[in-house]
Amino acid sequence: MQSWDEAPSVLAGLIGKGIGGSRSPALHEREGAEQGLRLVYRLIDLDFLHLGPEALPELLLAASRLGFAGLNITFPCKQKVIPHLDEISPDAAALGAVNTVVLKGGRRFGHNTDCSGFAEGFRRGLPDVPRSEVVQLGAGGAGAAVAHALLAEGTEKLWVSDTDQARAEALAGDLCQRFGPRRAEAVQDLAKTIRTANGLVNCTPVGMAKLPGLPLPAALVQSHLWVADIVYFPLETELLRLARERGCRTLDGGGMAVFQAVGAFRLFTGREPDSERMLRHFAQLSARNGDLRAA
């Protein structure tokens with residue numbers, strides 16, 4: 001049997017703000033161990049380091065010099081990291097957001113596994129929901145990935161809402177260029193739009209343990225909607241709890257968290273991860289940490 005010291009080593013990490021509760025280290029390290037790798041996954045928390053996204057060039061250079069195979073990128077750096085990369089994949093270019101950077105041969109290659117991650121979680125968790133009109137809250141890096149996934153998965157019209165109206169309009173414009181005229185539009189009146197929508201997806205950080213609360217007025221969470229949230233810490237956000245109380249079908253952020261990690265693991269290691277095993281491990285981690293039940 002191969003000893004720990006003899007196993008191939010892989011060093012990876014995550015850059016973002018307030019990421020102390022991330023499940024990524026445990027997910028990647030456990031799957032690495034299952035595959036006979038010495039995989040070490042480090043958190044590079046901008047809050048802990050008292051840094052902002054402007055530190056990305058320095059952090060990327062340091063990671064490359066220290067032998068990192070790659071880095072995951074999360075809020076608020078998914079779009080800001082792009083100018084500091086040598087190449088980005090076609091999917092990441094179309095999304096305008098990168099959540100995975102592979103470091104190889106002194107070069108930086110950007111990818112996006114959020115889109116495929118949300119799509120797989122959505123197919124499994126809400127396979128048969130109506131989707132003629134869906135409202136999405138948030139037009140940032142994760143929002144761009146989810147929007148593309150929703151349209152690719154059959155949403156006929158996507159309404160995009162963001163606290164920055166210009167950002168919502170820009171994302172809607174990009175989506176129309178890729179998927180066709182009038183497939184996406186920026187929300188002007190959220191209450192009016194929700195009345196005729198089938199579903200609601202939260203792609204903002206509101207609901208995270210560090211940003212508790214609702215991403216929209218409680219009165220707008222109505223029983224005719226299905227409701228999805230990409231937040232996974234906690235699994236049951238205030239939005240999902242309220243939605244369940246009102247009889248909505250719901251989808252938590254666990255599936256997206258696992259399946260984006262599946263894609264990132266593949267890119268970091270060149271090996272095929274066992275997605276079902278990673279799902280089971282995520283469920284164990286959530287139960288161990290006292291997260292509320294998944295959808």
Side-chain angles (χ1 to χ4, degrees), residues 14-27 43 45-47 72-79 97 99 112-122 124-126 134-150 160-163 190 199-218 220-221 225-246 248-264 278-279 282-283 285-295:
L14 170 66
I15 296 177
K17 288 176 64 68
I19 54 176
S22 174
R23 300 282 190 268
S24 291
L27 275 176
L43 296 180
D45 193 329
L46 298 180
D47 283 347
N72 283 130
I73 309 294
T74 191
F75 175 82
C77 301
K78 292 183 180 185
Q79 293 164 320
N99 81 318
N112 192 298
T113 65
D114 280 337
C115 185
S116 59
F118 179 83
E120 183 63 23
F122 186 71
R124 289 172 177 240
L126 294 172
V134 176
V135 175
Q136 176 177 304
L137 307 177
V146 170
H148 279 72
L150 286 168
V160 183
S161 176
D162 194 275
T163 53
L190 185 58
L200 173 70
V201 184
N202 177 40
C203 298
T204 79
V206 178
M208 295 173 66
K210 64 177 181 178
L211 287 172
L214 290 169
L216 78 171
L220 300 186
V221 182
L225 297 167
W226 53 262
V227 179
D229 203 325
I230 69 168
V231 171
Y232 74 88
F233 187 71
L235 271 179
E236 186 167 80
T237 60
E238 291 186 42
L239 174 62
L240 293 184
R241 183 164 56 251
L242 178 61
R244 287 195 185 100
E245 289 172 356
R246 295 185 177 173
C248 305
R249 292 182 63 181
T250 60
L251 176 69
D252 64 57
M256 180 176 178
V258 172
F259 288 108
Q260 67 80 23
V262 166
M278 291 179 75
L279 279 169
F282 182 87
L285 289 168
S286 298
R288 189 181 307 155
N289 285 274
D291 288 350
L292 297 175
R293 66 183 177 88

Q | Closest non-hydrogen atom pair between P25 and L43, with its separation | A | CG-CD2, 3.7 Å

Q. Are E236 and R244 side-chain neighbours, meaning at least one heavy-atom pair lies under 4.5 Å?
A. yes

**Q.** Main-chain N/O of R23 paired to Y232 side chain as donor or acceptor, under 3.5 Å
**A.** yes

**Q.** Check: D229 side chain, G253 main-chain N or O, donor-acceptor pair, under 3.5 Å
**A.** no

Q. Looking at D162 and G140, what are the two nearest heavy atoms and their distance?
A. OD2-N, 4.3 Å

Q.
Please report the interatomic distance CZ(F233) to OG(S286), rounded to the nearest 0.5 Å.
A. 9.5 Å

Q: Would you mind reporting whether V231 and P205 have side-chain heavy atoms less than 4.5 Å apart?
A: no

Q: Please tell me if the side chains of F282 and L235 come closer than 4.5 Å, counting only heavy atoms from C-beta onward.
A: yes

Q) Is the backbone N or O of A257 less than 3.5 Å from a side-chain atom of Q260, with the two atoms forming a donor-acceptor pair by type? A) yes

Q: Specify the closest pair of heavy atoms between I19 and I15, including all atoms of both residues, with the distance to one decimal.
A: CD1-C, 4.4 Å

**Q.** Qualifying residues under ring-ring contact (aromatic ring centres under 6.0 Å, His included), relative to F259, sequence neighbours excluded
**A.** none

Q: Please report the shortest heavy-atom distance between P234 and A209, naming the atom on each side.
A: CD-N, 3.7 Å

Q: For residues I230 and A142, report the shortest heavy-atom separation together with the two atoms involved.
A: CD1-CB, 3.6 Å

Q: Give a yes-or-no answer on whether the side chains of N202 and T237 include a donor-acceptor pair shorter than 3.5 Å.
A: no

**Q.** Carboxylate-amine/guanidinium contact E245 R241, below 4.0 Å
**A.** no

Q. How about V135 and L190: do any of their side-chain heavy atoms sit closer than 4.5 Å?
A. yes

Q. Of L14, T74, T113, which is the lone residue that meets side-chain contact (heavy atoms from CB on, under 4.5 Å) with N99?
A. T113

**Q.** N/O donor-acceptor pair under 3.5 Å between R249 side chain and V227 backbone
**A.** no

Q.
Please identify which of these residues, L239, V206, L200, V201, meets the side-chain contact (heavy atoms from CB on, under 4.5 Å) condition with L137.
A. L200

Q: Please examine the side chains of T250 and W226, heavy atoms only from C-beta on, and report whether any two atoms are closer than 4.5 Å.
A: no

**Q.** Steps toward side chain to side chain contact (heavy atoms under 4.5 Å, CB included) verdict (D114, M256)
**A.** CA-CA 7 Å; D114 280 337; M256 180 176 178; 3.7 Å; yes

Q: State, with a plain yes or no, whether a side-chain heavy atom of V146 is found less than 4.5 Å away from one of L150.
A: yes

Q.
Using side-chain heavy atoms (C-beta onward) and a distance below 4.5 Å, is K210 in contact with K17?
A. yes

Q. Side chains of E238 and P212: does their closest heavy-atom pair fall under 4.5 Å?
A. yes

Q: Locate the shortest heavy-atom distance separating L27 from A261; write the atom from each residue and the value.
A: CD1-CB, 4.2 Å

Q: Please report the C-alpha distance between C248 and L240 in whole Å, then the side-chain angles of each, then the deciding distance to 0.1 Å, and finally whether the side chain to side chain contact (heavy atoms under 4.5 Å, CB included) criterion is met.
A: CA-CA 9 Å; C248 305; L240 293 184; over 6 Å; no

